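Accompanying notes for the structure given below.
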Amino acid sequence: MPELPEVEVVKQSLKKYILNKKLLRIIVKNKKLRFPVPQNISQRLSYLRAVKVKRVSKYIVIKFANHFFLIIHLGMTGTLHLIRKKNKLMNSNLSFYQSKTLPKKHNHIFFYFGNFSIVFNDPRRFGFIKLINGEKNLYKYFRKLGPDPFKKEFNFKYVKNYLFKKVKNIKNILIDQKFLSGIGNIYASEILNYSKINPLKPSGKITNDEIIQIIFFTKKVLKRSIKIGGTTINNFHSIKGKTGSYQKEFRAYDREKKRCKNKFCPGTILKINISNRSTYMCNICQK
DNA sequence: CCGTTAACCTGAGAGC
DNA sequence: TGCTCTCAGGTTAACG
């Protein structure tokens, strides 16, 4: 599921509910996620306040009062849900990947906070949670990640230097978390369509103007998506709660054979395969 | 060190 | 209907 905008929206929503709230306990229904859920996680975190909730790359990081950090990664299909005790209603506004029923069998972890709880649901179980002790280890855990697209480290000099030393197509660079953290398969296609760059173009041949375009549209696309709640695929309507709507603004992704939306461009969107992942591009304006 | 491939999972949708 | 096949927003261990 989730690339930077989706994780950011989930984080903002989660933060509203749990910041400075005391976690009572954690019930693990299924510890077989991408990595096994830590054994003693409930003992470690029970009766502690969540003092910070932030996003690092595609991870959600919750700092607890004892300097333990809980890391949540949603993988492809992970979602968080709010359950209020009284009416037991599933509120979907922490969720992006929606099946029509949201099978309970994929509710793997329950975080109980007094009069509500947060559930981690993940059909494919590519997501995981991890516990990290202290700021130093947190830093260590994330040290291989490239800069966040909204930080000033993501600038012309950095990009130019990185592209120059790699021999790789630009699409694969964009989704490489070591280069830049947060972009995945959807937004890579979107950014390159806005920037009018062929996803297969070797990084070393990207011009200075194109670098400026990439930086500009990366921020623009991600910001816009966050603003309208991210991208939701497999929507459903029966349960209250917000879903994202960036999928309505897709220009390339999932638009095979449709017209390119760039101004005055008569092109058509092609679906091509790059490293076994679908990539969408205009056959005319993306050079 | 590098880059590429396979693997980890379930479910939706297409085609027959 | 129901079967089989392909594909899906991510990461990383294993390999050459």
Side-chain angles (χ1 to χ4, degrees), chain A residues 1-11 29-37 55-60 71-80 94-108 120-130 141-146 162-192 200 202-204 221-222 225-226 228-236 243-250 252-257 271-280:
Chain A
M1 139 191 162
E3 303 181 34
L4 185 149
E6 291 75 38
V7 178
E8 176 63 26
V9 172
V10 170
K11 180 216 78 183
K29 298 277 189 195
N30 183 358
K31 58 183 178 194
K32 286 186 182 162
L33 302 183
R34 179 76 165 83
F35 306 112
V37 176
R55 175 189 62 75
V56 177
S57 182
K58 298 174 190 170
Y59 302 79
I60 293 167
I71 291 181
I72 302 175
H73 196 288
L74 300 170
M76 291 276 244
T77 54
T79 51
L80 296 178
L94 300 182
S95 155
F96 290 87
Y97 184 92
Q98 303 282 7
S99 93
K100 290 187 177 83
T101 49
L102 190 75
K104 278 192 182 140
K105 63 175 168 178
H106 301 305
N107 284 343
H108 304 309
F120 177 83
N121 180 291
D122 186 3
R124 288 178 77 181
R125 287 187 278 125
F126 287 171
F128 61 91
I129 68 171
K130 196 174 163 59
Y141 185 74
F142 290 129
R143 85 201 130 159
K144 283 182 187 158
L145 291 174
Y162 199 97
L163 297 189
F164 184 71
K165 67 179 188 197
K166 295 283 173 186
V167 198
K168 205 172 169 182
N169 66 67
I170 185 64
K171 194 262 181 166
N172 274 342
I173 297 229
L174 270 186
I175 61 173
D176 184 346
Q177 305 301 297
K178 293 193 287 292
F179 166 62
L180 188 63
S181 57
I183 294 178
N185 209 40
I186 288 181
Y187 295 104
S189 282
E190 295 299 303
I191 290 161
L192 289 173
L200 290 165
S203 60
V221 164
L222 297 180
S225 182
I226 290 168
I228 61 176
T231 295
T232 301
I233 291 178
N234 291 346
N235 241 325
F236 77 128
T243 50
S245 58
Y246 195 76
Q247 66 282 2
K248 292 176 192 160
E249 300 189 13
F250 282 169
Y253 187 84
D254 204 23
R255 293 191 65 247
E256 191 183 12
K257 293 180 184 161
K271 180 180 180 178
I272 64 170
N273 190 298
I274 300 180
S275 304
N276 283 322
R277 312 210 59 188
S278 294
T279 307
Y280 297 83

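In what follows, every chain begins at residue 1, and chains take the letters A, B, ... in the order their sequences are listed. As the structure is a prediction and not an experimental result, all values here were calculated from the model.
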- Would you please indicate if the ring centroids of A/Tyr253 and A/Tyr187 are separated by under 6.0 Å? no
- Query: How long is the span from the CG atom in A/Asn30 to the CG atom in A/Asn107, to the nearest 0.5 Å?
  - Reply: 11.0 Å
- How many angstroms lie between atom CD1 of A/Ile274 and atom OG1 of A/Thr279, to the nearest 0.5 angstrom? 4.0 Å
Can you tell me if [X] touches the phosphate of [N], counting only side-chain N or O atoms and a distance under 4.0 Å to OP1 or OP2?
X	N	value
A/Ser278	C/dC7	no
A/His106	B/dC9	no
A/Tyr187	C/dG9	no

How long is the line joining [atom1] of [X] and [atom2] of [N], in whole Å?
X	N	atom1	atom2	answer
A/Arg124	B/dA7	CZ	C1'	11 Å
A/Lys178	B/dT4	NZ	C1'	12 Å
A/Glu6	C/dG10	CD	C1'	12 Å
A/Phe126	B/dC9	CZ	C1'	5 Å
A/Lys31	B/dC8	NZ	C1'	18 Å
A/Asp254	C/dA8	CG	P	9 Å
A/Lys105	B/dC9	NZ	C1'	12 Å
A/Asn276	C/dC7	CG	P	9 Å

- Message: Could you spell out the base pairing of DNA chain B as a dot-bracket line? Use Watson-Crick and G-U wobble contacts where both distances are under 3.5 Å, [ ] for crossing pairs, | for partners on a different strand.
- Response: .|||||||.|||||||
- Item | Qualifying residue for ring pair (Phe, Tyr, Trp, His ring centres under 6.0 Å) with A/His73, from A/Tyr141, A/Phe128, A/Phe126 | A/Phe128
- Do side-chain atoms of A/Arg125 reach the backbone of A/Lys32 as a donor and acceptor pair under 3.5 angstrom? yes
- Item | Side chain A/Arg55, main chain A/Ser57, donor-acceptor under 3.5 Å | yes
- Take A/Asp176 and A/Lys168 through the test salt bridge (Lys or Arg N to Asp or Glu O under 4.0 Å) and record every step on the way to the result. CA-CA 11 Å; A/Asp176 184 346; A/Lys168 205 172 169 182; 3.2 Å; yes
- Task: Give one of base, sugar-phosphate or nothing for A/Lys166, where a contact means two heavy atoms less than 4.0 Å apart.
- Result: sugar-phosphate
- Determine the Euclidean distance between corresponding P atoms of C/dA14 and B/dC9; express it in Å to zero decimal places. 14 Å
- Task: Just say parallel, tilted or perpendicular for the rings of A/Phe120 and A/His108, cut-offs at 30° and 60°.
- Result: tilted
- Task: Establish whether the base of B/dC9 is bridged to the side chain of A/Arg125 by a donor-acceptor pair shorter than 3.5 Å.
- Result: no
Listed pairs, N/O of protein and of nucleotides 11-16 of chain C, under 3.5 Å:
unit_1	atom_1	unit_2	atom_2	d
C/dT11	OP1	A/His73	NE2	3.0
C/dT11	OP2	A/Lys58	NZ	3.0
C/dT11	O2	A/Arg34	NH2	2.7
C/dT12	O4'	A/Arg34	NH2	3.0

- Task: Sequence neighbours left out, what passes salt bridge (charged side-chain N to carboxylate O under 4.0 Å, His left out) with A/Lys11? Give chain and number order.
- Result: A/Glu8
